[in-house]
There are 2 protein chains.
Amino acid sequence: MDQLTDDLLTIQQVADKTGLSTHTLRYYEKIGLIQAVDRADNGHRRYSPGDVGWLDFLKCLRSTGMPVREVKRYAELYEDGDQTLAERRALLETHRARIEADLRELTANLEAIKYKIAYYRELEARATGGEAETLSAVSN
Amino acid sequence: MDQLTDDLLTIQQVADKTGLSTHTLRYYEKIGLIQAVDRADNGHRRYSPGDVGWLDFLKCLRSTGMPVREVKRYAELYEDGDQTLAERRALLETHRARIEADLRELTANLEAIKYKIAYYRELEARATGGEAETLSAVSN
DNA sequence: GTACAACTTAGAGTATGCTCTAAGTCAAGC
DNA sequence: GCTTGACTTAGAGCATACTCTAAGTTGTAC
């Protein structure tokens with residue numbers, strides 16, 4: 001059970017490769033995030049390189065916060081072929097805008113946290129005897 | 001019920017100001033993310049400017065993905081006074097590193113999505129008759 | 001004095017996304 | 001021929017974080 005014909009992978013191999021658990025891989029298939037995967041004669045899943053590519057992109061969408069139902073919509077559009085290209089692109093562009101907004105917010109909040117860290121550092125320095133420049137007050 | 005003495009705010013005013021729902025404000029207090037808020041004679045909450053400042057920072061921590069239990073830990077340390085400064089700072093620095101990692105991942109995934117969008121754009125252009133440069137293949 | 005709106009509580013319910021369990025099949029190695 | 005390990009299924013369970021409900025109190029406005 002090591003070298004399969006073609007480049008077909010077992011569910012465990014795909015789990016190792018993608019970082020998704022075998023549970024999650026079956027779950028994603030069940031809810032339609034990935035189309036029915038081919039089976040070996042014994043009923044075991046055999047993932048094609050295309051399946052793995054899709055899973056990689058799916059992971060990218062999920063880890064950037066696209067909700068499962070939207071990934072599912074995207075997957076459905078994909079199955080409907082080329083006539084859905086524009087709609088798929090629109091979906092991705094909406095998501096892209098969301099990510100860019102998230103990045104801006106995350107960056108701004110990061111600055112606030114860095115500022116607080118600097119403030120704490122100053123308080124600690126003062127507590128251990130040193131005298132320092134004063135950052136404008138930020139409590140808590 | 002408009003102008004209260006001092007700068008104390010009702011729960012609704014704080015909700016409007018912070019964007020957290022009144023439900024969430026009570027929930028946060030119940031689970032210890034914010035210490036017991038002062039009460040008016042009738043038992044209604046009266047939020048001080050300090051409470052609001054803490055809620056703002058709390059929001060910053062939560063929206064950057066710090067888990068509730070960790071925010072709670074931070075809140076507890078804060079209540080224990082100055083001797084917890086170093087620990088609080090350590091907590092924030094760990095969180096900061098997490099945010100920076102998230103930013104890197106988000107940025108990388110954004111690039112992949114932008115690339116896919118560009119690929120779709122090219123396919124669409126080709127479909128409507130135009131001939132274009134070929135981006136190296138990315139399916140799905 | 002009664003309607004109304006804003007608040008109070010404890011605790012139940014919901015949304016999202018997995019994650020795990022139980023029972024069973026199957027092929028390979030000893 | 002029996003153990004072992006990887007797989008299969010349906011469906012239950014769990015983690016996180018709210019979000020809402022029901023029943024009750026209070027204070028002002030008419």
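Per chain, numbering begins at 1; letters A, B, ... match sequence-line order.
A heavy atom lying under 4.0 Å from DNA chain C marks the following residues of residues 18-34 of chain B, by number: B:R26, B:K30.
In this structure, A:I11 places its CD1 atom 11 Å from C1' of D:dA6, rounding to the nearest Å. Rounded to an integer number of Å, the gap from A:Y47 OH to D:dT8 C1' is 12 Å. Remark: P of C:dT16 and NZ of A:K72 are 13 Å apart, rounded to the nearest angstrom.
Evaluation of the side chain to side chain contact (heavy atoms under 4.5 Å, CB included) rule for A:A112 yields B:C60 as partners, not counting sequence neighbours. Residues meeting the side chain to side chain contact (heavy atoms under 4.5 Å, CB included) test with B:R69, sequence neighbours left out: B:P67. Listed by chain and number, the residues in a side-chain hydrogen bond (donor to acceptor under 3.5 Å, both in side chains) with B:N109 are A:S63 (sequence neighbours excluded).
Of all nucleotides listed (D:dC7, D:dA17, C:dG17), D:dA17 comes nearest to the side chain of B:R62.
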Would you tabulate the nitrogen or oxygen pairs shorter than 3.5 Å linking the protein to nucleotides 23-26 of chain C?
none

Polar atom pairs (N or O), protein with nucleotides 13-15 of chain C, under 3.5 Å:
none

Would you list the atom pairs, donor with acceptor, under 3.5 Å between side chains in residues 91-98 of chain A and any protein atom, with sequence neighbours excluded?
unit_1, atom_1, unit_2, atom_2, d
A:E93, OE2, A:R89, NH1, 3.2
A:E93, OE2, B:R121, NH1, 3.4
A:E93, OE2, B:R121, NH2, 2.9
A:T94, OG1, A:A90, O, 3.1
A:H95, ND1, A:R98, NE, 3.4
A:H95, ND1, A:R98, NH2, 2.7
A:H95, NE2, A:T64, OG1, 2.7
A:R96, NE, A:E100, OE2, 3.4
A:R98, NH1, A:E70, OE1, 3.4
A:R98, NH2, A:E70, OE2, 2.9

Between side-chain atoms of residues 16-26 of chain B and protein atoms elsewhere (two or more places apart, or another chain), which donor-acceptor pairs fall under 3.5 Å?
unit_1, atom_1, unit_2, atom_2, d
B:D16, OD1, B:Q12, NE2, 3.1
B:T18, OG1, B:V14, O, 2.8
B:T18, OG1, B:L20, N, 3.1
B:S21, OG, B:H23, N, 3.4
B:S21, OG, B:T24, N, 3.0
B:S21, OG, B:T24, OG1, 2.9

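When the side-chain nitrogen and oxygen atoms of B:R45 are compared with OP1 and OP2 of C:dC7, none of them lie within a distance under 4.0 Å. Here B:R39 reaches the OP1 or OP2 of C:dT9: one of its side-chain N or O atoms lies under 4.0 Å away. OP1 or OP2 of D:dA6 has not a single side-chain nitrogen or oxygen of A:T10 nearer than 4.0 Å.
Contact of the B:I113 side chain with the B:K116 side chain is not registered, since no non-hydrogen atoms from C-beta on lie closer than 4.5 Å.
Among residues at least two apart or in separate chains, there is no salt bridge (charged side-chain N to carboxylate O under 4.0 Å, His left out) pair with a member in residues 48-64 of chain B. Residue pairs satisfying the salt bridge (charged side-chain N to carboxylate O under 4.0 Å, His left out) criterion with at least one member in residues 30-42 of chain A, sequence neighbours excluded, are listed as follows: A:E29-A:R39.
Of all heavy-atom pairs spanning B:N42 and B:H44, the tightest one is OD1-N, 3.0 Å. Nearest heavy-atom pair, A:G32 versus A:K72, reported as atom, atom and distance to 0.1 Å: O-CG, 4.0 Å.
Proximity of the aromatic rings of B:Y74 and B:W54 is defined here by a centroid distance below 6.0 angstrom, and this criterion is met.
Mapped onto DNA chain D by nearest heavy atom, B:D41 and B:V68 fall at different nucleotides, with B:V68 at the one closer to the 5' end.
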